[in-house]
Amino acid sequence: MNSNRTSKTSKIKVKKAEKPPYVTDRSKLRRFHSKNIIFERVMWDSSWKGYKQMYDKKALEIVANGKPGYSRIDFALAYASWIVHDAFEGGFSWKKIKLCKTSSASIGIDWTRTKHEVDDPHKMSTLIKRAAKLFGASLIGVCKLNRDWLYADVDVPEKFENVVVMAVEMDADGIATSPAAPAAAATGVGYSKMAFMLAGMGEFIRNLGYEAIQCGNDAALSIPLAIDAGLGELGRNGLLITPQYGPRVRLCKIFTDIPLEPDKPIEFGVKEFCKKCKLCAEHCEKEGGDAISMEDEPSFEIACRSNNPGALKWYVDVERCYLYWCENGIDCSTCIKACPYNIASARKADVTPKEFWNLV
Ligand code: SF4
Ligand code: SF4
């Protein structure tokens, strides 16, 4: 890895900005329709090569080949990592979560029936952030809901003015094995943690007498909301780059009517750095994904129909990305692993599957 490009991140200077550090063209901006999410298109878009191609189709063949990081143990871990996300519907609830019959929490006071008076939104934001930290969030920000980022097919009532955006750090050693399966396990654990954080925070807000809509990747684009909430900037790899962990985070959000003070967006020079860096694009190409733009300058040119138009950025060809996952037998995080902003916060840039499992 080019040391000139990696060493630059050791001196990240973050400054607050009056407006989010992205450029949009309102004549091109469209609310993104959830049917264009790449995983949705796998199910309906017969015009695309990835139609009905599940990315685990080659998994058994890959396990049989004996490639390090793709053993039955690695896959068992990766599949297990999603269990809370996949099995706990309450994590992504828009209403009070139904408790199981045996729960002792079903006795006692129903706190949701009266409103806690909020006379100081700044203080309330501080309390919300402390609670989110307790529930496992690594980074928390608050913004006003910019409705441009809601999916076109999602209707959120006007009273949900505020968004609490939470980022959870993913396991650095796991991600550093990408594209091997322990990286996918780190991703899955991130999603499962999201379900826990969202459920806890949604209930906390409801217990104060307000409403909460808990969202993972659904309902709205998480990255622009996270930028609005001051968690980071957009990178060439199409991901949120945070000063603390680079792109090595998963994002989720809660829409709420509780009065909160929004955070200011931040700037720390990501766009200028990305113009020269290109490490994510080079590594993606080397793996066989070739999904990230090598152009020096960002543009308004989308790469495929799973991009949302109208923002000046390097559009990632997520069709190619998905097809690479199909070849890999499991999802990939190489554009996270390769990013100097990740490496600045990780123990090691590259971790072998054996090292990950403490077998060396
Ligand atoms: S996840 Fe992998 S294939 Fe997809 S853009 Fe990132 S590096 Fe490329
Ligand atoms: S997003 Fe890509 S180009 Fe930007 S700093 Fe990270 S690796 Fe480099």
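Order of listing sets the numbers, starting from 1, for every ligand and every atom in it.
- The nearest pair of heavy atoms linking Leu198 to Cys215 is CD1-O, 3.6 Å.
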Side chain to side chain donor-acceptor pair (under 3.5 Å) between Asp218 and Tyr151, worked out: CA-CA 8 Å; Asp218 56 309; Tyr151 290 159; over 6 Å; no

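- Using modelled atom types, one side-chain atom of Gln214 and one backbone atom of Gly91 make a donor-acceptor pair closer than 3.5 Å.
- Looking at Arg206 and Glu211, no side-chain N of the basic residue comes within less than 4.0 Å of a carboxylate O on the acidic one, giving no salt bridge.
- The existence of a salt bridge linking Lys35 and Asp45 is excluded, since no basic side-chain nitrogen approaches an acidic carboxylate oxygen closer than 4.0 Å.
- Note on Arg320 versus Asp317: salt bridge recorded, some NZ/NE/NH1/NH2 to OD/OE distance being below 4.0 Å.
- In the model, Asn308 has no side-chain atom that pairs as donor or acceptor with a side-chain atom of Trp149 under 3.5 Å.
- Between Asp153 and Arg31 there is no salt bridge, since none of the side-chain N atoms of the basic residue sits less than 4.0 Å from a carboxylate O of the acidic one.
- Ion pair Asp263/Lys129 flagged as a salt bridge, since at least one NZ, NE, NH1 or NH2 atom sits closer than 4.0 Å to an Asp/Glu carboxylate oxygen.
- Of all protein atoms, those of element N, O or S that lie under 2.8 Å from atom 4 (Fe) of ligand 1 number 1.
- Near atom 8 (Fe) of ligand 2, less than 2.8 Å away, sit the protein N, O or S atoms Cys277 SG.
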